[in-house]
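Contents: one structure, followed by commentary.
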Amino acid sequence: MRAPHESKSKHARRVIAALAAAAALGHAFGAGLPSARRVLDPPLAGAAMAVVDGRLWVASRGGGLVGFERGARSMRFDLGQGLPSAVAQELAALPDGRLLVGTRAGLVLVDPRDGSAKPLAPAGTGRDNMAADLVLAATRGNAAIFQLSQPDPDGAGGQADASLWQWDGTRVQAWNLRLGGGVVATAGLADRNDGCFHLAGIQVDGAGQRPWYARQCGAQLRTWRLADGAPAGTVGVAAIARAADGRSTILVMVTQSAANPASRRHVVMSLDQDGRLSPHCSRASFSEPVTGLVQAGPDLIVARAGAGLHALGCGPLTPLSADPRVSNATALLHDAGLGLLVAADGAVWQLGKDGTPLALTPASGGAIPIDALPMEYKANGALALLSSPTSGPLELARTADGWRVARQWRAGIDLPVGVYGAAAYAEPDQVIAVQLSQGVLRLRQGATQALALEPGALPLDVAITSGGMWMAAGAAPFGGAAAGLHFLPNDGSARFVPLPGRQAEPSGRLLAWPDGRVWAATRLGIIEADARGAARRISAGRVEVLYRNAARNIVGAVGASVQYWDGARMVPVLFAIAPAPARPLGHPVDLVIDDAGRWWILFSGGQVVLLDAERRHVATLDERAGVPPSSRRLLYLPGSREVLIGSAREGLFSLAWP
């Protein structure tokens, strides 16, 4: 007979062993968590450049930090690969070869020699997730000045609650300009000739905005408020450069004489060593935004959006190139060895003496729009339909070498200009595209047809069934058509299914069933409608997204909560997230369910929560796993069992769960 204490001891050992095995399994899964990889490259959209040891580095708005040698990409720091955001908007090189990268999620110090990356943030301020929208590196020693701003969730820039900081190679401390509060730096320069930092910007005081300029040389700091001599209506400083004489500074000051942004002008001004402003000898002012200003030998080179490159002297502007590839420069750099470098959306160009550009980076022929969102798939996931709000729909095809762009319709070229929303496949070989609040287009290769809708209907989403097309429409703000569902049968007739009041406004997503029914996600829950016009409400609570895995017939929904369909009603999905995420999740904005029955839930904070087939929490993935912070939409591809993640400003990524 076994002794009681022996039985208990063995039982305890078995429990400990089971817990250890579970911990080992969890650790193994944690070590093998999925990591997102980029699908194709977005347009280069170079925001800043640096040349270090013969390698050209480009800070790309959506593509991370990319290094090029001899015209080929040689190294990259990207989302999940050293950077907290793929939106790299500032770049500065330290004398020792390290690089300071300003991203939408903070400042990062990277070392190309060993591939390391380290965030630089003020201690104890909670500002590590703020955007670094101005970065200057000392030309002598290891020091930097940078600005952190709260990023605008809908735009590319920071808001007015900015703060300036200095890094001495070891610590980050506040940089006090002694100008008071509301100081925002909008342009800066670390001059190689005098070794000084030069900054300019705006001080916001109530409704007033006053320009300022600061110069720091070593430990000596001087600041000036530029009230005297500043152009009337100055609202910012777009660019700053040192004049060839070495004694004055050139500022491009932005003015706006009326509420209409079209009244903005970019005025070139000269600032002497004592902080006195006067018009530049060229008397130049531009309606186009100035995107670059650099000193190149005895000349100042100015770049304007869409207007090209010109030498700026005391006489008329002298064009440097008539080549359209450099007409829309996004950044300029003058390097002692390579000369004038021009960044554009497609590539970085070295400008020859005769104005002929030579590509220093591969032209992005296979690039996809930075904001392309995945919509639907065909051929078991070998074809994927995407829609870019700014550029329009496109189709990707999977090949043995990866994805490629198969078809594309471009707003302003192939399509009317507008903001594009959902897109859906329709037979035979057609695509239905929604122009938000404008209309619905039927696209064929080489042909575009506008579909007739009820006047005032504001289209939001489409779903295709065997009998026709369903469209969700919002209500016009001042009368007109009501919110509801439009059914356009294949025979050319039309039917409108009203929703029960304005509170049932569609939230956008439709789910089509094989028998022709449709479920609409609304603010009051899920509304079911059929082709005869019958409608009923089958759930309560705001719903934004509906998803059905056809292979397993599992239906889920997200909105005010996470739910699943048990065959008779929607039931809440309850799960505990442990450990807690690194930052707030926000609210659920999208959902897919894979063929293993596992749930992928995208939250507004740019994090993906993974649930197993029993709907238990497994992991939370964020930017450290390559998930873009600006993620907006998911698409599951059954053939490859991967999930495409579309984002607002960081490109398209693919994620596979082992």
Side-chain angles (χ1 to χ4, degrees), residues 26-39 42 61-65 76-89 101-108 110 116-121 126-132 148 150-153 370-371 373-374 545 558 562 575-592 594 598-612 616-636 642-658:
H27 177 75
F29 185 83
L33 279 176
S35 180
R37 55 183 177 83
R38 186 177 290 279
V39 176
R61 294 187 181 98
L65 177 66
R76 186 176 207 154
F77 293 87
D78 201 353
L79 185 64
Q81 298 173 311
L83 299 187
S85 169
V87 182
Q89 50 201 14
V101 191
T103 77
R104 278 186 60 88
L107 181 66
V108 181
V110 303
S116 63
K118 172 187 175 183
L120 294 181
R127 292 174 176 250
D128 53 325
N129 287 324
M130 298 184 75
L148 296 178
Q150 186 66 44
D152 182 349
I370 199 70
D371 57 354
L373 303 178
V545 173
V558 297
V562 180
F575 54 92
I577 297 179
R583 51 186 173 79
L585 286 173
H587 61 278
V589 296
D590 206 358
L591 161 73
V592 293
D594 65 23
R598 303 174 300 191
W599 290 49
W600 310 59
I601 307 171
L602 174 63
F603 282 76
S604 59
Q607 299 177 81
V608 175
V609 169
L610 304 178
L611 308 182
D612 64 17
R616 296 171 302 197
H617 177 257
V618 174
T620 301
L621 307 181
D622 56 19
E623 62 274 9
R624 293 168 295 183
V627 177
S630 63
S631 295
R632 293 292 182 268
R633 187 156 175 149
L634 307 176
L635 176 65
Y636 174 65
E642 64 184 313
V643 171
L644 296 182
I645 307 175
S647 67
R649 59 182 71 91
E650 291 167 294
L652 182 69
F653 288 76
S654 170
L655 190 61
W657 189 344

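Here, residue 1 is the first one in the sequence, and each next residue gets the next number.
Separation of atoms CD1 (Ile601) and CG (Leu585) is listed at 10.0 Å; rounding is to 0.5 Å. Distance check, rounded to the nearest 0.5 Å: CG of Asp371 to OG of Ser647 gives 8.0 Å. Distance CZ/Arg633 to CG/Leu652: 12.5 Å, rounded to 0.5 Å. To the nearest 0.5 Å, atom CG of residue Leu373 and atom CG of residue Asp590 are 9.5 Å apart. To the nearest 0.5 Å, atom CG of residue Leu610 and atom CG of residue Leu655 are 7.0 Å apart. Atoms CG and CG, on Leu65 and Asp78 in that order, are 9.5 Å from each other to the nearest 0.5 Å.
The closest side-chain heavy-atom distance from Arg104 to Gln89 is below 4.5 Å. Side-chain contact between Val108 and Pro84 is present, with at least one heavy-atom pair separated by less than 4.5 Å. With contacts defined as side-chain heavy-atom distances shorter than 4.5 Å, the pair Pro629/Leu79 qualifies.
Checking each of Tyr636, Trp600, Trp599 against Trp657 for a ring pair (Phe, Tyr, Trp, His ring centres under 6.0 Å) leaves exactly one that passes, namely Trp600. Of the candidates Val643, Val545, Leu602, Leu635, Val592 forms a side chain to side chain contact (heavy atoms under 4.5 Å, CB included) with just one, namely Val643.
The shortest heavy-atom contact between Ile577 and Val609 is CD1-CG2, 4.1 Å. When all heavy atoms of Phe77 and Ser116 are compared, the pair lying nearest together is CE2-O, 3.8 Å. The two residues Ser631 and Val627 make their nearest non-hydrogen contact at OG-CG1, 3.7 Å. Of all the heavy atoms in Pro588 and Phe603, the pair that sits closest is N-CD2, 3.6 Å.
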(request) Test Leu634 against Leu644 for side-chain contact (heavy atoms from CB on, under 4.5 Å), laying out the working first. (result) CA-CA 6 Å; Leu634 307 176; Leu644 296 182; over 6 Å; no
(request) Give the C-alpha distance, both sets of side-chain angles, the deciding distance and a yes or no for side-chain contact (heavy atoms from CB on, under 4.5 Å) between Lys118 and Leu120. (result) CA-CA 6 Å; Lys118 172 187 175 183; Leu120 294 181; 4.3 Å; yes
(request) Let me see the working for Arg38 and Gln81 under side-chain contact (heavy atoms from CB on, under 4.5 Å), right down to the final yes or no. (result) CA-CA 11 Å; Arg38 186 177 290 279; Gln81 298 173 311; over 6 Å; no
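Using cut-offs of 30° and 60° for the angle between ring planes, the His617 and Phe575 rings count as parallel.
Side-chain N/O atoms of Glu650 and Ser630 include a donor and acceptor closer than 3.5 Å.
Listed for the Arg37 side chain is no donor-acceptor partner under 3.5 Å among the backbone atoms of Gly626. A distance-only check finds a donor-acceptor pair linking the side chain of Gln607 to the backbone of Pro584 [under 3.5 Å].
Judged as a side chain to side chain donor-acceptor pair (under 3.5 Å), the pairs with a partner in residues 577-589 (not counting sequence neighbours) are, in order, Arg583-Glu623, His587-Ser604.
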